[in-house]
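Pasting a structure below so you can have a look.
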Amino acid sequence: MHHDDVNSKVDISALPFSQACENNKQPILEVLQTELQDFNHVLEIGSGTGQHSVYFAPHLSHLKWQTSDVTSNHRHIIAWHDAYPAPNLYPPLAFDLTINLRPINGQLNTPYDAIFTANTLHIIGWSLVKKLFALAGDTLQTDNKLIVYGPFNEHGDYTSEGNQRFDAMLRAGNPDSGIRHKEDVVSLASEHHLQLVTTYAMPANNQLLVFQKAK
Ligand SMILES: C[S@@+](CC[C@H](N)C(=O)[O-])C[C@H]1O[C@@H](n2cnc3c(N)ncnc32)[C@H](O)[C@@H]1O
């Protein structure tokens, strides 16, 4: 069994499991507790296994956490939600950047005031990164936030040898993937009126970028 939790009534040993999520969930949560304290409704893009969502939702009980991903991941996310239900945690929306131009508004009629995505920009191709930022810019209103977690290059270079190896591995698997240059991402964001307001250095040479929609 690779993960235990005495609080779960479901046998979680069979669930898909990301060790990276276990390692980064607490540091990310600490930032979200600050950045999202006055926010209401978060859309998570690329929820993956769903591990982040089941950890964040109960610790951010003042807001609604809406998961989403391509449909092939939904059974994993739903399995984690079944193991760790929370009243403010919402089952995944079918959301695929190759298809959707805008997120659908889910089960709720309140608009999203924040979008969170972790470890997606280096997986999807740059054309889909562009769609993600266009969509975020269209969806969010003034002062709403887009929060992006993952590895980034800076000043034209890797920030660590580990990231360099990771990038080579990603590109060997899919030439469209790869660690993005932070400057390119910031410039793309500004095209959609999303200004980088805060950068958090995170463990394992990752960063958390907070963008805010300008007027
Ligand atoms: C490396 S995983 C990250 C998962 C999770 N956020 C985490 O931090 O562990 C990348 C995620 O991007 C999602 N993804 C890939 N292509 C996508 C697309 N076209 N539209 C939306 N999500 C996509 C994958 O399904 C997967 O959940």
Side-chain angles (χ1 to χ4, degrees), residues 2-3 12 15-32 35-36 42-57 59-60 65-81 83-84 89-104 106 112 114-136 138-139 146-152 162-163 165-180 185 188 200 202-210:
H2 48 210
H3 45 121
I12 61 170
L15 299 183
F17 180 77
S18 158
Q19 185 59 48
C21 273
E22 289 306 300
N23 298 345
N24 61 34
K25 67 184 186 181
Q26 180 59 28
I28 296 175
L29 173 67
E30 286 170 18
V31 175
L32 297 184
E35 292 291 340
L36 295 180
V42 180
L43 172 69
E44 180 184 21
I45 294 178
S47 298
T49 61
Q51 275 165 271
H52 276 153
S53 65
V54 300
Y55 191 65
F56 297 156
H59 287 96
L60 298 165
W65 192 276
Q66 175 65 64
T67 54
S68 80
D69 210 322
V70 298
T71 50
S72 55
N73 272 352
H74 284 201
R75 63 194 174 88
H76 305 318
I77 300 167
I78 291 167
W80 275 91
H81 288 194
Y84 299 99
L89 178 59
Y90 292 85
L93 298 178
F95 181 70
D96 185 333
L97 283 158
T98 62
I99 301 168
N100 293 72
L101 294 177
R102 293 183 65 99
I104 36 180
Y112 301 115
I115 296 176
F116 171 80
T117 192
N119 290 315
T120 49
L121 301 197
H122 59 273
I123 300 293
I124 60 179
W126 184 249
S127 63
L128 295 189
V129 175
K130 285 176 151 174
K131 284 181 80 174
L132 191 156
F133 277 83
L135 177 153
D138 278 353
T139 302
L146 168 66
I147 299 181
V148 181
Y149 170 88
F152 294 94
N163 278 359
R165 283 193 297 274
F166 182 47
D167 185 61
M169 193 193 77
L170 287 167
R171 288 174 192 278
N174 176 0
D176 290 339
S177 65
I179 296 179
R180 308 299 169 196
V185 173
L188 171 63
Y200 292 85
M202 304 297 283
N205 298 298
N206 288 294
Q207 298 185 33
L208 191 150
L209 310 181
V210 181

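Start at 1 and go down the list; that is how both ligands and their atoms are numbered. These values consider heavy atoms only, across backbone and side chains, with no hydrogens, waters or symmetry-generated copies. Counting from 1, the numbers follow the sequence of the chain as shown.
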Open item on the list: Can you confirm whether Pro151 sits close enough to Leu121 that some side-chain heavy atom of one is under 4.5 Å from a side-chain heavy atom of the other?
Closed with: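 With C-beta onward as the side chain, the pair stays apart.
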Open item on the list: Show me which atoms of ligand 1 lie under 4.0 Å from any heavy atom of Ala118.
Closed with: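 In order of number, 3 (C), 5 (C), 6 (N), 7 (C), 8 (O).
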Task: Protein residue, atom and distance nearest to atom 20 (N) of ligand 1, heavy-atom basis - done: Leu97 N, 2.8 Å
TODO: Would you mind running through ligand 1 and noting each atom that sits below 4.0 Å from a heavy atom of Leu128?
DONE: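 In order of number, 19 (N).
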Task: Short N or O distance, Ile123 and ligand 1, threshold 3.5 Å exclusive - done: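 Ile123 vs ligand 1: no N/O contact under 3.5 Å.
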TODO: Please state which part of His52 comes within less than 4.0 Å of ligand 1, counting heavy atoms only: side chain, backbone, both or neither.
DONE: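 His52 to ligand 1: side-chain contact only, backbone stays beyond 4.0 Å.
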Task: Among Glu44, Lys25, His81, the one residue meeting side chain to side chain donor-acceptor pair (under 3.5 Å) with Ser53 - done: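 Passing option: His81.
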TODO: Measure from atom 8 (O) of ligand 1 to every heavy atom in Ile124, Leu121, Ile28, Asn119 and give the option owning the shortest one.
DONE: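 Among Ile124, Leu121, Ile28, Asn119, the closest heavy atom to atom 8 (O) of ligand 1 belongs to Asn119.
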- [ ] Report yes if His122 has an N/O atom closer than 3.5 Å to an N/O atom of ligand 1; otherwise report no.
- [x]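 The answer is no, given that His122 and ligand 1 share no N or O pair closer than 3.5 Å.
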Task: Shortest protein contact, atom 21 (C) of ligand 1 (heavy atom only) - done: Phe95 O, 3.5 Å
Open item on the list: Looking only at distances, can you tell me whether any N or O atom of Asp69, backbone or side chain, sits closer than 3.5 Å to an N or O atom of ligand 1?
Closed with: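 Checking ligand 1 against Asp69, an N or O pair does fall under 3.5 Å apart.
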TODO: Verify, without hydrogens or angle tests, whether Gln51 (side chain) and Ser18 (backbone) share a donor-acceptor contact under 3.5 angstrom.
DONE: yes
TODO: Please indicate whether Arg75 has more than 12 foreign heavy atoms, meaning atoms of other residues, nucleotides or ligands, lying under 6.0 Å from its CZ.
DONE: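 Counting neighbours around CZ of Arg75, 12 or fewer heavy atoms of other residues, nucleotides or ligands fall under 6.0 Å, so no.
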Task: Nearest option to atom 12 (O) of ligand 1, as decided by whichever heavy atom of Thr120, Val70, Asn73, Leu170 sits closest - done: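 It is Thr120 whose heavy atom sits nearest to atom 12 (O) of ligand 1.
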- [ ] Look only at the side chain of Ser177 and the backbone of Leu170, and say whether a donor-acceptor pair between them is shorter than 3.5 Å.
- [x]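 Such a contact is found between Ser177 side chain and Leu170 backbone.
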Open item on the list: Checking the side chain of Ser47 only, and the main-chain atoms of Ser68 only, is there a donor and an acceptor separated by less than 3.5 Å?
Closed with: yes
TODO: Decide whether Gln26 and Tyr55 meet the rule of one side-chain donor and one side-chain acceptor closer than 3.5 Å.
DONE: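 Yes.
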- [ ] Examine Gly48 against ligand 1 and note whether any of their N/O atoms are separated by less than 3.5 Å.
- [x]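 Min N/O separation from ligand 1 is below 3.5 Å for Gly48.
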TODO: Could you list the atoms of ligand 1 found under 4.0 angstrom from a heavy atom of Cys21?
DONE: 7 (C), 9 (O)
Task: Which residue and heavy atom of the protein sit nearest atom 19 (N) of ligand 1, plus the separation - done: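 Residue, atom and distance for the closest contact: Asp96 OD1, 2.9 Å.
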Task: Exam field: side chain Trp80 to backbone His52, donor-acceptor pair closer than 3.5 Å - done: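 Flag not set: sc Trp80 to bb His52 has no pair under 3.5 Å.
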- [ ] Please report which non-hydrogen protein atom sits nearest to atom 5 (C) of ligand 1, along with the residue it belongs to and the distance in Å to one decimal place.
- [x] Gly46 O, 3.5 Å
Open item on the list: For the backbone of Ile179 and the side chain of Asn163, can you confirm whether one donor and one acceptor N or O come within less than 3.5 Å of each other?
Closed with: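 No, Asn163 side chain to Ile179 backbone: no donor-acceptor pair under 3.5 Å.
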- [ ] Answer yes or no: does atom NZ of Lys130 have more than 12 heavy-atom neighbours from other residues, nucleotides or ligands under 6.0 Å?
- [x] no
Open item on the list: When you compare ligand 1 with Glu44, is there at least one nitrogen or oxygen pair between them that comes in under 3.5 angstrom?
Closed with: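 So ligand 1 has no N or O lying under 3.5 Å from an N or O of Glu44.
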